[in-house]
Amino acid sequence: MAAIRYELEKQCSITGARAGKIHTPHGTFETPIFMPVGTQATVKTVAPEELKTMGAGIILSNTYHLFLRPGHNLIKEAGGLHSFMNWDRAILTDSGGFQVFSLGPLRKISEEGVAFRSHIDGSKQFLSPEIAMEIQMALGSDIAMAFDECVPYPADHQYAKQSTERTTRWAERCKIANTRTADQGVFGIIQGGMYKDLRDMSVRDLVSLDFPGYAVGGLSVGEPKPLMYEILEHTVHQLPASKPRYLMGVGTPDCLVEGVMHGVDMFDCVFPTRVARNGTVMTRQGRLVVRNAAYERDFRPIEENCDCYTCRNYTRAYLRHLFKADEIFGLRLATIHNLHFLISFMRDMRQSIMENRFVTFREEFLAGYSPKDKGFM
RNA sequence: GGAUGGGUUCCCGAGUGGCUAAAGGGAGCAGACUGUAAAUCUGCCGGCUCCGCCUUCGCUGGUUCGAAUCCAGCCCCAUCCA
């Protein structure tokens, strides 16, 4: 049996939003789902037990970072990533493709692969589809991502085309290189920049390679939101309904709702965890910069009806104090809230799909939400 | 009572005649953050009727075209001696 299997439970007849389940070698999780990011074999500041308490069913980790440090062979020796980091639920590993994008000046792309300058010590490193697969097989993640190039924005059509075609060739090499098929599934990554014809091409080519799941990459890279939604909508519905769909790198509530509406099942994003460490917490109404002076004497929880550990026990004033005083507990409390918030948000969204009221859910959410926040309440 | 060192914008602390509203740091305030080079980064930080003006470097007076910077007296602070 395939390592990764998608089960569609319910679909919104109006929007196409899907509720389902994904079965992996390390358990089943319900979709749509948000995957907390644990780049370096840890979701920064929180323990695996805490992630479970929040209801996290799968987390993401990173090939590139673990390859550089501590090295995939060490992790293999430790019994694989699950054992190494004490996480027994599902893990998806990104391939290092995003680093091709984000490490910009430190990297050089060729047909063979990508030469990096390590951001840690400046040493020369090389990643190719074959190496990325070798690393991910050693890590033993449940879902491995194909090695791709995330097309930057803006990019001209010629560059986007050439890059996307190369990503397809790399995807094919990944598929051939991955031999751990019994307990690991490789997802292909759709690219194509902001060009619909290239997205069509990418979908067609990757779907013909028959991956157990597909990711939409190259979005949320600086383009305006309407454009992102337009490309997303254009792309997602072309993907096979029987396979999971994963929108990479998206994680603000408004984007999640729109992603789900267009039929996406999986999301990941550093946003909730990064922003938490910088003093911002997320709410149904928008962001709240809890580090701001406005909350100095605000003795309410972040969200009145939130049942996360942070909201059940601490106030905005206390969080602000911890941030002002540079106390690491503040980073933890904010991270716990933000992750709990997104995970519950997705669960509520799923519930609304199951109960045939997703459209209402979306409308009500959007009515009360300000994407840029500030000064509400 | 005497000796020496010192008093700079919220704090610490540079600055010893014009290029100084005054380095730098801290604190404070705000912003950014979307497959993590991020517990990071950026901006503001005397006042105003803000492309110019006003006030500020212990206090008062003086020298000078011009003073936080030089002179005089005074007031505080620190350490040492009586």
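Chain letters run A, B, ... following the sequence lines, proteins first, then strands; residues in each count from 1.
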Can we say R169(A) and D205(A) salt-bridge, meaning some charged N sits less than 4.0 Å from an Asp/Glu carboxylate O?
no
For I189(A), report the nucleic acid contact type (base, sugar-phosphate, nothing); a contact means any heavy atom under 4.0 Å.
base
Between A30(B) and G35(B), how many Å separate the two C1' atoms, rounded to a whole number?
30 Å
Take atom C1' in C29(B) and the same atom in A78(B), then report the distance between them in whole Å.
35 Å
Choosing from A37(B), G31(B), G35(B), which nucleotide comes nearest the side chain of H119(A)?
A37(B)
Below 4.0 angstrom from OP1 or OP2 of G35(B), is there any side-chain N or O of N62(A)?
no
The residue, Q191(A) or Q40(A), whose nearest nucleotide of RNA chain B is more 5′ is Q191(A)
Rounding to an integer number of angstrom, what distance separates U69(B) and U56(B) when you compare their P atoms?
13 Å
With no angle test and no hydrogens, is the base of G35(B) tied to the side chain of D148(A) by a donor-acceptor pair under 3.5 Å?
yes
Across all strands, who's sitting opposite U49(B) as a Watson-Crick or G-U wobble pair, both distances under 3.5 Å?
none
Given the C1' atoms of U60(B) and A67(B), what is the spacing between them in whole Å?
15 Å
Of the options C29(B), G35(B), A37(B), whose atoms approach the side-chain atoms of R320(A) most closely?
C29(B)
What's the closest nucleotide to the T39(A) side chain, out of A39(B), G35(B), U36(B)?
U36(B)
Take atom C1' in G61(B) and the same atom in C12(B), then report the distance between them in whole Å.
31 Å
Watson-Crick or G-U counterpart of A30(B), or none if no pair lies under 3.5 Å
U42(B)
Tell me: CG of N278(A) to P of U34(B), nearest whole Å?
11 Å
Consider the side chain of N292(A), meaning its heavy atoms from C-beta on, and name the nucleotide among G31(B), G35(B), C33(B) that approaches it most closely.
G31(B)
Round to a whole Å and report the spacing from CZ of F323(A) to P of A27(B).
16 Å
On the nucleotide C33(B), are OP1 or OP2 found under 4.0 Å from the side-chain N or O atoms that R287(A) carries?
yes
D94(A) CG to G35(B) P: how many Å, rounded?
10 Å
Minimal non-hydrogen separation, V100(A) against D148(A), with atom names:
CG2-O, 3.9 Å
For the rings on H65(A) and H119(A), is their centre-to-centre separation under 6.0 Å?
yes
Using a 4.0 Å heavy-atom cut-off, does G38(A) contact any base of the nucleic acid, only the sugar-phosphate backbone, or nothing at all?
nothing
Between C1' of C29(B) and CD of E296(A), the distance in whole Å
12 Å
Give S118(A) one of three labels, base, sugar-phosphate or nothing, depending on what nucleic acid heavy atoms sit under 4.0 Å from its own.
nothing
Using only heavy-atom distances, decide whether a donor-acceptor pair under 3.5 angstrom links the side-chain of S102(A) to the base of U36(B).
no
Given the C1' atoms of U9(B) and U63(B), what is the spacing between them in whole Å?
27 Å
Within the pair Q99(A) and G35(B), is there a side-chain N or O less than 4.0 Å away from OP1 or OP2?
no
Nearest to the side chain of T252(A) - C29(B), G31(B), U34(B)?
U34(B)
Nearest nucleotide by nearest heavy atom, which residue falls closer to the 5' end of RNA chain B, R277(A) or F271(A)?
F271(A)
Do you know which two heavy atoms are closest between A90(A) and F29(A), and how far apart they sit?
CB-CE2, 4.1 Å
Side chain of S220(A) - closest among U36(B), U34(B), C33(B)
U34(B)
Quick one: label I328(A) by what it contacts on the DNA or RNA (base, sugar-phosphate, nothing), any heavy atom closer than 4.0 Å.
base
Run through L60(A), I189(A), I143(A) and flag the one making a side chain to side chain contact (heavy atoms under 4.5 Å, CB included) with Y246(A).
L60(A)
Looking at the rings of F299(A) and Y318(A), which for Trp means the six-membered one, are their centres under 6.0 Å apart?
no
Rounded P spacing from U8(B) to C77(B) in Å
14 Å
Checking N1-N3 plus N6-O4 or O6-N4 for Watson-Crick, or N1-O2 and O6-N3 for wobble, each under 3.5 Å, the partner of G73(B) is C59(B)
Any N or O donor-acceptor pair under 3.5 Å from the base of G35(B) to the side chain of D268(A)?
no
From CG of L103(A) across to C1' of U36(B) the rounded distance in Å is 11 Å
Paired with A3(B) by Watson-Crick or G-U wobble geometry, both distances under 3.5 Å: which nucleotide is it?
U79(B)
Quickly work out the I33(A) CD1 to G35(B) P distance and round it to whole Å.
17 Å
Rounding to an integer number of angstrom, what distance separates A39(B) and G6(B) when you compare their C1' atoms?
40 Å
Is any side-chain N of the basic residue among E149(A) and R166(A) closer than 4.0 Å to the acidic one's carboxylate O?
yes
If you only use heavy atoms from C-beta on, which nucleotide in A37(B), G35(B), C33(B) is closest to the side chain of L106(A)?
A37(B)
Inspect the contact between E258(A) and R362(A) and indicate whether a charged nitrogen and a carboxylate oxygen are less than 4.0 angstrom apart.
yes
So does K225(A) have more than 12 non-hydrogen atoms from other groups sitting under 6.0 Å from NZ?
yes
R291(A) CZ to G43(B) P, straight-line distance once rounded to whole Å
15 Å
Identified pairing partner of G24(B), criterion: Watson-Crick or G-U wobble below 3.5 Å:
C12(B)
Rounding to an integer number of Å, can you tell me how far L342(A) CG sits from G35(B) P?
13 Å
Base, sugar-phosphate, or nothing for K324(A), non-hydrogen atoms under 4.0 angstrom?
sugar-phosphate
